[in-house]
Participant: 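Have a look at this one before I ask anything.
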Amino acid sequence: MKRRGFTLIELLAVIVVLAIIALIATPIVMNIIKDAKRSALVRSAENYVSAVDLAIANANMKGNGLFTSTICNINVDGNLDCAGYDNTIIVEMNSKKPKSGTIRFDNYEIGNVVLNYGDNNVVLTNKTGNLEYMEVPTSLSFGEDSWKTIALNVKIGNISKYNVGDTKNIELDIDGDGEKTAYAVRVANTSTPEECNEEGFSQSACGFVVEFVKTIANHNMNSTDTNVGGWPASEMRKYMGGYVDEEGNFVEGTIYKSFPDNLKNLIIDTYVVSGHGTDDVGTRIDGNFESVDKIYLLSQQEVWASGLDTDNAADVTRRLDYYVKNNPTTGGAGNLLKGNWWWGRTATTESRFCANYHYNDIYMPKASSVIGVSPAFRIG
């Protein structure tokens with residue numbers, strides 16, 4: 001029987017079939033390899049986290065206690081450096097120091113441990129111990145980065161490209177007529193000092209705070225001249241929205257509803273403390289109001305650090321970095337111009353609701369007054 005080889009057409013057909021199989025199989029194989037690397041990265045992160053926990057426990061047993069809310073970094077030499085802790089802690093895993101990467105503990109707010117591999121590969125763990133692999137894009141600037149990029153870099157503490165006072169635009173349709181208007185927002189705060197860790201301290205001026213540069217709407221604080229219930233019970237809060245009411249329903253509100261979805265999903269809940277103000281004879285009322293808000297108004301103390309008697313929650317919040325930098329003072333020069341009078345959330349006296357920042361001075365209008373709204377929110 002005479003044997004014959006493959007014809008050229010048959011060989012070409014085989015090559016085509018093999019090429020098609022390769023095109024189909026290669027992405028699958030690459031994804032398997034990528035998933036395997038991610039799994040290995042997560043397992044490695046778990047080991048590093050355990051090693052850090054053990055190192056901190058050993059240091060505490062020796063009487064060198066760490067602060068309960070602190071940020072610790074592992075450098076390339078394997079040394080653990082913690083804020084407020086002078087001694088060096090050596091972190092080892094299987095008798096070896098980590099060759100690279102950073103672990104950042106921030107128990108103050110998000111309770112996350114962050115481990116960086118290279119420029120983009122990041123693993124996060126929350127208080128439940130669940131690890132998640134994430135790709136964090138390299139930051140360029142506050143104005144150029146997407147909100148997602150900003151939020152991820154804020155989470156891992158990589159905010160060197162985001163400076164207090166930097167601005168970017170948000171397009172909002174506040175009137176709900178389909179017409180969007182661009183409004184500028186700025187970085188109002190980036191720091192988290194130790195006082196932010198104290199129980200009962202308002203988080204409204206802690207962490208990465210963003211505020212509108214100008215007023216974006218005009219509205220009254222209440223339809224009648226009353227400050228009963230303070231900021232949490234105000235009609236202004238309902239108008240702004242972004243919180244869960246006492247019945248467990250999310251109040252979207254006019255302002256929060258107008259925010260783009262890609263930003264709303266990244267705004268974190270903020271524990272907000274507000275004062276009761278004073279009674280009609282000027283006597284301060286004990287106690288403060290507490291609320292949890294996505295967006296909120298600033299308090300008198302957070303802008304002016306004035307310590308006025310009308311703000312009896314002044315000792316449980318702080319001045320925002322932006323206003324420290326620009327140093328506004330009553331009757332000062334031009335740092336607070338927002339194009340309108342703008343509400344703060346501070347209750348005052350004589351049934352007036354809130355201290356209002358009138359250009360470069362403090363003003364206390366009646367709660368029914370219709371003046372500017374300039375919210376703030378936090379990313380994290």
Side-chain angles (χ1 to χ4, degrees), residues 68-73 83 102-116 120 122-143 145-168 170 185-199 201-212 240-244 250 256 259-273 290-298 302 317-318 320-322 375-380:
T68 56
S69 300
T70 189
I71 298 174
C72 304
N73 294 296
T102 301
I103 294 180
R104 177 177 179 268
F105 281 82
D106 189 352
N107 297 327
Y108 137 66
E109 182 174 281
I110 54 178
N112 283 344
V113 180
V114 181
L115 175 60
N116 300 338
N120 296 323
V122 177
V123 175
L124 303 174
T125 178
N126 57 31
K127 289 180 179 178
T128 65
N130 297 321
L131 289 167
E132 178 186 0
Y133 178 92
M134 301 184 71
E135 297 277 351
V136 179
T138 302
S139 61
L140 299 175
S141 69
F142 181 69
D145 288 355
S146 69
W147 285 110
K148 182 178 180 180
T149 296
I150 292 170
L152 289 173
N153 279 287
V154 169
K155 263 187 188 298
I156 66 171
N158 182 30
I159 58 174
S160 60
K161 298 294 181 66
Y162 308 148
N163 303 305
V164 171
D166 287 353
T167 62
K168 70 186 290 106
I170 301 178
V185 294
R186 65 171 162 238
V187 179
N189 196 82
T190 59
S191 65
T192 306
E194 188 62 30
E195 60 188 340
C196 290
N197 305 325
E198 299 172 1
E199 184 176 355
F201 197 86
S202 184
Q203 300 303 298
S204 45
C206 297
F208 199 85
V209 181
V210 178
E211 70 161 338
F212 282 89
M240 286 175 51
Y243 67 93
V244 177
F250 186 78
Y256 184 77
F259 276 44
D261 289 338
N262 65 342
L263 173 57
K264 284 194 287 190
N265 295 333
L266 302 171
I267 296 175
I268 62 174
D269 290 339
T270 296
Y271 169 69
V272 178
V273 181
E290 299 176 344
S291 61
V292 177
D293 301 278
K294 293 286 188 183
I295 58 176
Y296 53 91
L297 296 178
L298 300 178
E302 289 159 3
T317 190
R318 60 184 294 269
L320 289 157
D321 294 343
Y322 175 80
F377 56 90
R378 295 195 307 154
I379 299 292

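Positions are given from 1, in the same order as the sequence printed here.
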Participant: Is there a side-chain contact between D321 and T190, using heavy atoms and a 4.5 Å cut-off?
Facilitator: yes
Participant: Grab the two heavy atoms, one from V164 and one from A188, that are nearest each other, plus how far apart they are.
Facilitator: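 That would be CG1-O, 4.3 Å.
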Participant: For residues N189 and R318, determine if any side-chain heavy atom of one lies less than 4.5 Å from a side-chain heavy atom of the other.
Facilitator: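 Side-chain contact under 4.5 Å: yes.
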Participant: So, does Q203 use its side chain to make a donor-acceptor pair with the main chain of C196 at under 3.5 Å?
Facilitator: yes
Participant: Using a 4.5 Å cut-off on heavy atoms from C-beta on, say whether the side chain of Y296 contacts that of V209.
Facilitator: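 Heavy-atom side-chain distance check passes, below 4.5 Å.
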Participant: Please check if the side chain of D166 supplies one atom and the backbone of V187 the other of a donor-acceptor pair under 3.5 Å.
Facilitator: no
Participant: Rounded to the nearest 0.5 Å, how far apart are CG of L297 and CE of M240?
Facilitator: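 Result: 4.5 Å between the selected atoms.
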Participant: Quick one: list whatever passes ring-ring contact (aromatic ring centres under 6.0 Å, His included) with F201, sequence neighbours left out.
Facilitator: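 With sequence neighbours excluded, F201 shows a ring-ring contact (aromatic ring centres under 6.0 Å, His included) to no residue whatsoever.
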Participant: Whether the D145 and S139 side chains hold a donor-acceptor pair (N or O, under 3.5 Å, no angle test) is what I'd like checked.
Facilitator: no
Participant: I need the F259 CZ to I295 CD1 distance, nearest 0.5 Å.
Facilitator: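 Here the interatomic distance stands at 5.0 Å.
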Participant: Tell me, with the steps shown, if I267 and I379 meet side chain to side chain contact (heavy atoms under 4.5 Å, CB included).
Facilitator: CA-CA 5 Å; I267 296 175; I379 299 292; 4.2 Å; yes
Participant: A side-chain contact here means heavy atoms from C-beta on lying under 4.5 Å apart; do K161 and N153 qualify?
Facilitator: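 No - every pair of side-chain heavy atoms lies 4.5 Å or more apart.
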Participant: Enter the distance from K264:NZ to Y256:OH here, rounded to the nearest 0.5 Å.
Facilitator: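 Going from the NZ atom of K264 to the OH atom of Y256 covers 6.0 Å.
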Participant: Can you sort out the partners of D269 under salt bridge (charged side-chain N to carboxylate O under 4.0 Å, His left out), two or more places apart, ordered by chain and number?
Facilitator: K294
Participant: Could you tell me if the side chain of F142 sits less than 4.5 Å from the side chain of I150, heavy atoms only?
Facilitator: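 Heavy-atom side-chain distance check passes, below 4.5 Å.
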Participant: With a 4.5 Å cut-off on side-chain heavy atoms, are N265 and W147 touching?
Facilitator: no
Participant: Might you point out which heavy atoms bring S204 and T317 nearest each other, and give the distance in Å?
Facilitator: OG-OG1, 3.9 Å
Participant: Identify the heavy atoms of T192 and C206 that sit nearest to each other, and give their distance.
Facilitator: OG1-C, 4.5 Å
Participant: Return the orientation label for the F212 and F377 ring planes: parallel under 30°, perpendicular over 60°, tilted otherwise.
Facilitator: perpendicular
Participant: State, yes or no, whether a side-chain contact exists between E302 and Y322 at a heavy-atom distance under 4.5 Å.
Facilitator: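 Sidechains of Y322 and E302: no contact.
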Participant: Is there side-chain contact between K148 and L266, with at least one heavy-atom pair below 4.5 Å?
Facilitator: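 Touching, per the 4.5 Å side-chain cut-off.
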Participant: N158 and Y162: which non-hydrogen atoms are nearest, and at how many Å?
Facilitator: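 Heavy atoms of N158 and Y162 come nearest at O-CE1, 4.3 Å.
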